[in-house]
> 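Here it is, the structure in full.
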Amino acid sequence: MKIATWNVNSLRVRLPQVLEWIGVHQPDIFALQETKLPDTDFPVEAFQQIGYQATFSGQRTYNGVAILSRQPGSEMVTDIPGLEDVQRRVLGMTFANIRVFNFYVPNGESVTSEKYAYKLNWLAKCHDYLQAQLKQYPEMILLGDFNIAPEERDVYDPKQWEGQVLFSGPERQAFQAILQLGFQDGFRLLHPDAQEFSWWDYRLNAFKRNMGLRIDHILVSQALAVKCQKCFIDKSLRQAERPSDHAVVVMEIE
DNA sequence: ATGGTTGCAACGCAA
């Protein structure tokens with residue numbers, strides 16, 4: 001099974017790239033974040049024409065998550081219990097006994113922002129929910145834009161980034177707390193020593209200078225970690241014309 | 001140097 005995640009930063013703009021990527025890689029499951037589309041505008045037919053189902057939870061202008069899949073999923077959820085949130089950031093689906101959660105974790109803006117407090121609360125509620133879900137579904141995949149670089153080697157300049165949003169202590173602790181529920185970071189599991197990034201700011205030629213962070217992740221429960229064969233970051237779309245600021249992360253299981 | 005780029009939507013906000 002091939003599963004992938006990409007923050008598209010507007011599906012309207014990136015639809016041709018999504019279709020092209022699916023054509024080349026034929027994923028079983030493709031999770032998207034920042035679709036920035038209300039559900040009424042989702043391009044369902046474009047995906048049907050290439051043999052994919054689309055499930056989505058969107059809103060106008062901001063946020064929005066979707067799962068494209070060859071097979072239909074079940075048990076769709078779009079909200080985390082205890083978290084009243086108008087922002088569309090969560091999409092849970094079950095595919096053949098595998099529980100999949102597509103997350104667009106809040107950015108946080110800066111550590112002094114109210115949005116940072118919202119991010120930490122979001123992660124705490126998410127943690128508690130996942131703890132309960134894991135008991136029900138031993139095979140689980142959490143993937144998406146986590147907006148957290150877990151370790152120093154996941155940041156191009158960790159000294160400059162220390163204490164900054166995306167790399168602050170509390171965010172990294174929240175990430176570790178989710179791992180400690182019984183998840184493995186797929187990329188790190190298969191590439192223990194690699195330094196690769198999944199996001200580069202649009203500004204300052206950050207991509208060309210490889211000034212990036214690894215903030216997009218595919219986490220797998222123990223039951224799946226032992227079946228994980230590949231996990232890699234595909235930068236091809238980041239260097240395309242009119243790119244998203246994120247790369248695609250891919251995993252192969254079984 | 002506190003900049004800069006992109007998307008949305010219509011101007012500043014969010015990332």
Side-chain angles (χ1 to χ4, degrees), chain A residues 5-21 31-43 46 56-66 83-91 102-123 126 143-150 154-168 170-172 174-175 197-217 233-249:
Chain A
T5 177
W6 191 28
N7 180 322
V8 292
N9 186 18
S10 169
L11 183 56
R12 247 190 267 274
V13 174
R14 241 62 74 181
L15 179 60
Q17 296 182 23
V18 174
L19 294 170
E20 183 201 338
W21 197 90
L32 307 179
Q33 304 86 39
E34 281 205 269
T35 55
K36 300 187 176 181
L37 286 175
D39 291 346
T40 48
D41 292 351
F42 199 93
F56 38 84
S57 177
Q59 65 185 93
R60 200 180 77 110
T61 312
Y62 304 117
N63 309 311
V65 284
L83 193 66
E84 303 262 325
D85 197 355
V86 295
Q87 301 189 24
R88 302 293 79 203
R89 299 178 174 278
V90 173
L91 186 55
N102 177 16
F103 290 137
Y104 175 44
V105 177
N107 172 284
E109 189 183 37
S110 74
V111 294
T112 53
S113 167
E114 280 181 21
K115 293 174 195 162
Y116 180 77
Y118 161 70
K119 179 180 194 173
L120 293 179
N121 179 58
W122 197 98
L123 288 162
C126 193
L143 78 172
D145 178 359
F146 284 72
N147 271 314
I148 301 171
D154 299 315
V155 178
Y156 73 94
D157 185 350
K159 287 210 167 60
Q160 183 204 309
W161 277 86
E162 191 63 50
Q164 302 292 315
V165 74
L166 310 185
F167 191 56
S168 72
E171 292 166 88
R172 291 161 64 189
F175 186 84
F197 308 131
S198 69
W199 169 83
W200 301 259
D201 200 296
Y202 281 125
R203 295 165 290 190
L204 300 169
N205 269 321
F207 182 64
K208 279 184 182 168
R209 298 158 72 187
N210 201 25
M211 296 163 60
L213 276 68
R214 193 172 69 89
I215 59 175
D216 300 270
H217 306 295
I233 298 170
D234 177 9
K235 296 192 278 188
S236 61
L237 293 178
R238 184 62 181 81
Q239 52 210 357
E241 286 290 308
R242 263 198 118 177
S244 163
D245 44 352
H246 293 254
V248 182
V249 185

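Keep in mind it's a predicted model, so treat the numbers as computed, not measured. When reading the values below, keep in mind they use all heavy atoms of this one structure, side chains included, and skip hydrogens, waters and symmetry mates. Letters go in sequence order (proteins before strands), and every chain restarts at 1.
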> For residues 107-120 of chain A, which residue pairs qualify under salt bridge (charged side-chain N to carboxylate O under 4.0 Å, His left out), counting only residues two or more places apart or in two chains?
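Qualifying pairs: A:E109-A:K115, A:K119-A:E171.
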> Taking B:dA9 as the reference, what is the distance to B:dC13 when you measure between their C1' atoms (whole Å, please)?
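That atom pair is separated by 11 Å.
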> Only pairs at least two apart or in different chains count here, so list each salt bridge (charged side-chain N to carboxylate O under 4.0 Å, His left out) that has a residue in residues 10-20 of chain A.
A:R12-A:D41
> Verify the ring-centre separation between A:W199 and A:F146: is it less than 6.0 angstrom?
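No, they do not, as the ring centres are separated by 6.0 Å or more.
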> What is the per-nucleotide protein-contact pattern of nucleotides 7-15 of chain B, from the 5' end, where B denotes a base atom under 4.0 Å from a protein heavy atom, S denotes such proximity for sugar-phosphate atoms only, and - denotes neither?
SSS----SB
> Salt bridge (Lys or Arg N to Asp or Glu O under 4.0 Å) with A:R172: which residues, sequence neighbours excluded?
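If we apply the salt bridge (Lys or Arg N to Asp or Glu O under 4.0 Å) test to A:R172, skipping adjacent residues, the hits are A:E162.
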> How is the base pairing of DNA chain B summarised as a dot-bracket string, given the Watson-Crick and G-U wobble criteria with both distances under 3.5 Å, [ ] for crossing and | for another strand?
....((((...))))
> Mind checking what makes salt bridge (Lys or Arg N to Asp or Glu O under 4.0 Å) contact with A:D154, not counting sequence neighbours?
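Salt bridge (Lys or Arg N to Asp or Glu O under 4.0 Å) list for A:D154, sorted by chain: A:R188, A:R214.
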> Salt bridge (Lys or Arg N to Asp or Glu O under 4.0 Å) with A:R60: which residues, sequence neighbours excluded?
none
> Roughly how many Å apart are B:dC11 and B:dA1, using the C1' atom of each and rounding to a whole number?
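Going atom to atom, C1' in each nucleotide, I get 26 Å.
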> Rounded to whole angstroms, how far apart are CE on A:M211 and P on B:dG4?
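Spelled out: CE on A:M211 to P on B:dG4 is 15 Å.
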> For A:P16, which residues count as a side-chain contact (heavy atoms from CB on, under 4.5 Å) partner, sequence neighbours excluded?
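With neighbours one apart ignored, the set is empty.
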> Which whole-number value in Å describes the distance from A:Q160 CD to B:dA1 P?
16 Å
> Kindly write out the residues that satisfy side-chain contact (heavy atoms from CB on, under 4.5 Å) with A:Y62, not counting sequence neighbours, or none if the list is empty.
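A:Q59.
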